[in-house]
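Every value quoted in this text rests on a predicted model; they were computed, and no experiment measured them.
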Amino acid sequence: MLHDLVIIAVLLSGVASAEPLPNPTKVKISERTKSSFTISWEQPPSQVYHTFTVKISPSADVDENPGLLSRTFTGLHPGVEYVATVQGFTADGLASRPLRYPVWTVPEEPTGLSLAPVHEIAISISIMGMKTQFTATVDGMEVTWKEGDTAVTGHDLQILPPEGVAVSSGDDDASETSKRIITGLTPGKEYSIFLRSRVGPEFDPVFSVPVRGQMVMPPAAPYSAEVVEADPTSVLLKTHGPLEGLHDDMLFDLRPNHGSIGQPTPDPIYPMFDLYRWHGLKPGTSYTLDIYAVSQGVRGYEPKTLTFTTLPGAPVRLRVEDFDHFSVTLQWGHPHKFSDFDEVQYLIEFFVVPDGPAQVATVKNFKFDQPILVQVQRLIPGSIYDFRVYTVLNGIKGKISADVIQTTIPMKPTVSNITIGATEGIELIFGKPEQGECPVVKTFYSPGLNGIAIKPEFHKLGKNVVFPEFPIDGQHKVHARCVSQNVEGPELLITLPAGGGGDLGKKNPRNDVPEGRTELPCTSLIPGSVRPDTIAPDACCNERPYNSEQKECCGAALLQKGGERLCCGESPYNKRFFICCSSSGGLTVELKRDGCPAVSR
């Protein structure tokens, strides 16, 4: 009995002192998915095991045909930590110590990935307990996604191209969404975002399949935009894209939305600028234009904004309503409708054709529902005028004018020299009227010889006018009229006494004072006419005589008493259209019969 006990003690002592068998080595995890993984290992250097037992916790399915050095587990849950236990056995049944190895399955990928541009962020700074908040302008991107699986320990976010700085928004709600903001990106550039869920330890994390998002950053605002040329129905725009970042197009937003814009062309002087022509606008209309830079179809945050007004149109239906020696009456209609806030005037520029000095008159205080009727006074008789009427809208003069050419009625010509034959024939030289111009003088004499009328002749002033068969019988008369643009002035009638002969021009340069009489301050232009020896000063109109019982003076003009022509100051006008208004030395403009408007000068 004692011998048996000794033997047992020796055996127990031998078991306690034996070295443990080595664990399997070089454990690897492969083919890891959200629901399975394969674990593999190698034999230790100093021991070869005949079989291996592999267990997993929590429990899962294992492959039915396991290899000697690997096992595959299926039916797992995503993002869960499993512990695999591997133990080796020798052929005689000896076992190694259990090797426990933690394994994580692939987690669920993030959901609800959303990318949005960020132009402003709130920044909070705390210094010595004092907190200051302000807003900073950035070129950034906001990345948000949904938080789902609580087993996920974090997320990995990457951006390509690798630019910018990712910061936390500071207002994440971990139970619902997560948010990151990436600042310092390039305006107009395209970026790709890759987001993965993460489980496991920091030194050996396990990531989900990445989800991808793409976004083009909105480009910066255009650098420059201006209207370099305006017409009634179009404008020429000069633009320059953003100086920072990328862009491939420009977007134009016009309010009100009229017309269309053409294709850009380089500015011939500064090729870095583009020129755009916008057609189909309405005359005299105010517009607001927002110009955005565009990159791959993405519009920029901020526009370059322009406000402009198209030029007004030219007056319509301009025509001459009436004219006389010293004035021309014009009528026209408004070019288009105006608003109650518009300040509208009309500017009349006129000059003697072809290159006389320009004169200007302004017309205002009229009604929008009635045509404009304006009399331009103090003109030169017998002169051809070019009248150009412009619309002036809110102080901006239109580029296009309405034009009309009209002559004033010339005055009577004067006689520079008369040479009379003994029995027939007469030679005359006509001079300028006492006032104004006489482009052409029309002459003929009456009655014609043997009852045949003589065809009128037209001559320039200063040229000899010869009627070789003119009878010097006291019965025939010479008729002369100044003609300007087919408009004839009043007639100068010359009656010669019978038995003429000689050159009257040599004896008397005025050619209207018969020999033997004294020239008076106010004389007749008709040689041989009967007149008093003296004429009162108030019976003269610029040294022209008249019968004071029938006519009256109006400046240099003679007006028939009781006729249609009346006198306004020193200028005649037609009373059918106008009434007198004080012009204070300027042009008198009369628009209606029921009162005097403002006088335009």
>> For a 4.5 angstrom cut-off between non-hydrogen side-chain atoms, does Val376 reach Gln359?
In response: no

> Do the rings of His258 and Tyr287 sit parallel, tilted or perpendicular, given the 30° and 60° boundaries?
Replying inline: perpendicular

>> So Pro303 and Ile291, do their side chains get closer than 4.5 Å, heavy atoms only?
In response: no

> Do Gln375 and Glu321 pass the side chain to side chain contact (heavy atoms under 4.5 Å, CB included) test, and can you show the C-alpha distance, the side-chain angles, and the key distance before you say yes or no?
Replying inline: CA-CA 9 Å; Gln375 186 185 57; Glu321 181 69 20; over 6 Å; no

>> Considering only residues two or more places apart or on different chains, which pairs with a residue in residues 264-273 satisfy side-chain hydrogen bond (donor to acceptor under 3.5 Å, both in side chains)?
In response: none

>> Less than 4.5 Å apart, side chain to side chain, heavy atoms only: is that true for Val199 and Pro78?
In response: no

> After noting the C-alpha distance and the side-chain angles of Glu229 and Lys399, does the key distance pass the side chain to side chain contact (heavy atoms under 4.5 Å, CB included) rule?
Replying inline: CA-CA 11 Å; Glu229 181 181 298; Lys399 184 180 293 186; 4.0 Å; yes

> His325 and side chain to side chain contact (heavy atoms under 4.5 Å, CB included): which partner among Pro410, Pro490, Pro433?
Replying inline: Pro490

> In Å and rounded to the nearest 0.5 Å, what is the NZ to CD distance from Lys189 to Glu163?
Replying inline: 3.5 Å

> Say you draw a straight line from CE of Met215 to OG of Ser114; how long is it, rounded to the nearest 0.5 Å?
Replying inline: 10.0 Å

> To the nearest 0.5 Å, how far apart are CG in Leu157 and CZ in Arg196?
Replying inline: 10.5 Å

> Is any side-chain heavy atom of Thr239 less than 4.5 Å from a side-chain heavy atom of Pro222?
Replying inline: no

> How many angstroms lie between atom CD of Gln263 and atom CG of Leu275, to the nearest 0.5 angstrom?
Replying inline: 13.5 Å

> Got Lys364 and Glu343 here, is their nearest side-chain heavy-atom distance under 4.5 Å?
Replying inline: no

> Which distance, rounded to the nearest 0.5 Å, do you find between the CD of Glu226 and the CG of Leu306?
Replying inline: 8.5 Å

>> Applying side chain to side chain contact (heavy atoms under 4.5 Å, CB included) to Tyr191 and Leu115, what does each step give before you reach the verdict?
In response: CA-CA 10 Å; Tyr191 292 92; Leu115 310 180; over 6 Å; no

>> Between Val143 and Ile159, does the side chain to side chain contact (heavy atoms under 4.5 Å, CB included) criterion hold? Intermediate values first, please.
In response: CA-CA 11 Å; Val143 183; Ile159 183 170; over 6 Å; no

> What's the shortest heavy-atom distance between Gly382 and Thr407, and which atoms?
Replying inline: C-OG1, 4.0 Å

> Are Trp332 and Tyr346 close enough that their ring centers fall under 6.0 Å?
Replying inline: yes

>> Is it the case that the side chain of Thr310 and the backbone of Gly284 share a donor-acceptor pair, with hydrogens and angles ignored and the cut-off at 3.5 Å?
In response: yes

> According to the interplanar angle, ranging from 0 to 90°, do the rings of Phe366 and His334 count as parallel (below 30°), tilted (30 to 60°) or perpendicular (above 60°)?
Replying inline: tilted

> What are the two closest non-hydrogen atoms of Val152 and Ser197, and how far apart are they?
Replying inline: CG1-CB, 4.0 Å

